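A quick write-up on the structure given underneath.
Source: prediction; values computed, not measured.
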Amino acid sequence: MREYRERLIADVVTGKVDVREVAVQLPYEPPEEEAGTEEEEPVAEELATVDSQEEANGEE
C-alpha cells in the first residue's frame, strides 16, 4: 500500500496522472480559518486516511 501511495504521489506531481477532472467533482469546502495552516489538497487528505489506516493495522 505504501509503494502504491508513493507511486501515486509521484505520478500526480509529475503530471502522469491528471486529477483535474476529479478535483472539479469534489464538493466545495471552505477553508478552515486557522492561523499558520495551509489548505490541504484532496489527495493529501486521502493519503492521510491511508496512513492512519496503516497505523491502525500496525503497518509501516
Quiz item: What's the verdict on side chain to side chain contact (heavy atoms under 4.5 Å, CB included) for Lys16 and Arg7, showing C-alpha distance, side-chain angles and the deciding distance?
Solution: CA-CA 10 Å; Lys16 292 180 181 177; Arg7 184 76 242 157; 4.0 Å; yes
Practice problem: Is it possible for you to say whether Val24 and Val12 belong to one hydrophobic cluster, with membership spreading through side-chain heavy-atom contacts below 4.5 Å? | Solution: no
Quiz prompt | Glu6 CD to Met1 CE distance, which is reported to the nearest 0.5 Å | solution = 12.5 Å
